[in-house]
Amino acid sequence: MIFKELSIKGVYLISPKPYKDDRGLFRRHFCDKEFKKNKINFKVRQSNISENKSLGTLRGFHYQKYPFQEAKILSCLNGKFYDIIVDLRKNSKTYKKWVSVTLSSENRKMLYIPKGCANSFMTLKNNTTIHYFCSQYYSPNYEQGIRFNDPIFKFKWPMKPKIISSKDLNLRNFTN
């Protein structure tokens with residue numbers, strides 16, 4: 001696995017080193033030793049699958065507040081999606097900054113999002129399936145969100161969302 005830190009400290013784009021032969025392809029999807037070698041201590045507490053039927057489906061921004069903050073590892077099992085990660089760690093040099101990446105079943109890359117950051121994604125293909133490893137259990141009483149078009153952040157999306165839940169559409173603007 002190749003770990004590349006992005007412009008927000010602790011956010012990594014992870015590329016696999018696949019093994020290919022006549023049978024097909026084999027790749028490591030998670031390896032505790034590889035993460036620890038890159039100074040990432042990640043314990044899987046929950047694993048989720050997001051199945052999205054339509055191009056332009058938007059989910060998020062989601063995160064959990066202390067003491068249930070969670071780190072995530074995202075990958076695309078089918079299709080393609082655009083993900084934005086925003087740093088909400090007040091002591092961070094990149095507080096309120098964001099970065100975006102595109103993950104697909106073709107590029108086979110993964111995204112590591114540390115505690116204290118929120119993420120949102122938009123599907124770029126029909127039938128996009130996203131896998132999440134989470135370092136914390138879902139705790140609805142500690143769940144928070146930011147609206148996808150919050151004017152503080154000026155997020156840039158590849159297109160106008162076609163499908164978004166009323167819950168995500170009605171999230172409030174971010175306040176410090």
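The analysis underlying the following values was restricted to heavy atoms, covering all of them including side chains, and did not include hydrogens, waters or symmetry mates.
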Smallest separation among heavy atoms of [X] and [Y], with atom names:
X      : Y      : result
Ser54  : Thr123 : O-OG1, 2.7 Å
Leu55  : Met159 : CD1-CE, 3.7 Å
His131 : Ile49  : CD2-CD1, 3.4 Å
Tyr112 : Ala71  : OH-CB, 3.5 Å
Ile8   : Lys97  : CD1-O, 3.5 Å
Phe133 : Phe42  : O-CZ, 3.6 Å

Exercise for review: Apply side chain to side chain contact (heavy atoms under 4.5 Å, CB included) to Asn78 and Thr128, showing your working.
Suggested key: CA-CA 5 Å; Asn78 189 60; Thr128 294; over 6 Å; no
Review point. Step by step, would you call Asn91 with Arg89 a side-chain hydrogen bond (donor to acceptor under 3.5 Å, both in side chains)?
Key: CA-CA 6 Å; Asn91 295 329; Arg89 301 169 292 184; over 6 Å; no
Practice item. Go through the steps to decide whether Ile146 and Leu88 satisfy the test side chain to side chain contact (heavy atoms under 4.5 Å, CB included), and finish with yes or no. Key: CA-CA 11 Å; Ile146 300 169; Leu88 301 177; 3.8 Å; yes
Review point. With Tyr95, which residues qualify under ring pair (Phe, Tyr, Trp, His ring centres under 6.0 Å), at least two apart?
Key: none
**Study point:** ring pair (Phe, Tyr, Trp, His ring centres under 6.0 Å) partners of Tyr63, counting only residues at least two apart
**Key:** none
Check your understanding: So does Phe153 have more than 12 non-hydrogen atoms from other groups sitting under 6.0 Å from CZ?
Key ->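 Count over threshold, so yes.
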Check your understanding: For Arg28, does the CZ atom have more than 12 heavy-atom neighbours from other residues, nucleotides or ligands under 6.0 Å away?
Key -> no
Using the salt bridge (charged side-chain N to carboxylate O under 4.0 Å, His left out) rule, collect all pairs that involve [range], keeping only residues at least two apart or in two chains.
range            : answer
residues 32-56   : Asp32-Lys36, Glu34-Lys37
residues 65-84   : Glu70-Lys72
residues 101-117 : Glu106-Lys125

Side chains of [X] and [Y] in contact at under 4.5 Å (non-hydrogen atoms):
X     : Y      : value
Val86 : Lys96  : no
Lys93 : Lys9   : no
Phe81 : Leu74  : yes
Cys31 : Met1   : yes
Tyr82 : Ser100 : yes

Exercise for review: List the steps, then state whether side-chain hydrogen bond (donor to acceptor under 3.5 Å, both in side chains) holds for Ser50 with Asn52.
Suggested key: CA-CA 6 Å; Ser50 174; Asn52 304 275; 3.1 Å; yes
Practice item. Tell me whether Val99 is reachable from Leu111 by hopping between hydrophobic residues (I, L, V, M, F, W, Y) whose side-chain heavy atoms are closer than 4.5 Å. Key: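 Yes, Leu111 connects to Val99 through the hydrophobic network.
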Point to revise | Single-linkage hydrophobic cluster Leu169~Leu171, side-chain heavy atoms < 4.5 angstrom | key: no
Where the side chain of [X] meets the backbone of [Y], is there a donor-acceptor pair that is under 3.5 Å apart?
X      : Y      : value
Asp21  : Tyr19  : no
Trp157 : Met122 : no
Ser92  : Thr94  : yes

Could you tabulate the donor-acceptor pairs under 3.5 Å formed by side-chain atoms of residues 160-167, not counting sequence neighbours?
unit_1	atom_1	unit_2	atom_2	d
Ser165	OG	Asp168	N	3.0
Lys167	NZ	Glu143	OE1	3.1
Lys167	NZ	Glu143	OE2	3.1

Review point. Which is it for Leu103 and Leu13 under the side chain to side chain contact (heavy atoms under 4.5 Å, CB included) test, yes or no, and what are the steps along the way?
Key: CA-CA 9 Å; Leu103 300 181; Leu13 188 61; 3.7 Å; yes
Review point. With a 3.5 Å cut-off and no angle check, do the side chains of Ser47 and Tyr132 form a donor-acceptor pair?
Key: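 No - no donor-acceptor pair under 3.5 Å links their side chains.
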Nearest 0.5 Å, what's the [atom1]-[atom2] distance between [X] and [Y]?
X      : Y      : atom1 : atom2 : result
Phe121 : Thr102 : CZ    : OG1   : 13.0 Å
Lys4   : Asn38  : NZ    : CG    : 14.0 Å
Gln69  : Gln136 : CD    : CD    : 9.5 Å

Check your understanding: Can the ring centres of Phe61 and Phe148 be said to be less than 6.0 Å apart?
Key -> no
Point to revise | Partner of Phe68 by ring-ring contact (aromatic ring centres under 6.0 Å, His included), out of Tyr138, Tyr137, Tyr142 | key: Tyr142
Exercise for review: Please work out whether the ring planes of Phe30 and Phe35 are parallel, tilted or perpendicular, with thresholds of 30° and 60°.
Suggested key: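 Judged by the thresholds at 30° and 60°, the geometry between Phe30 and Phe35 is tilted.
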Exercise for review: Begin from the C-alpha positions of Tyr12 and Ile40 and carry the test side chain to side chain contact (heavy atoms under 4.5 Å, CB included) through to its verdict.
Suggested key: CA-CA 10 Å; Tyr12 288 89; Ile40 300 170; 3.6 Å; yes
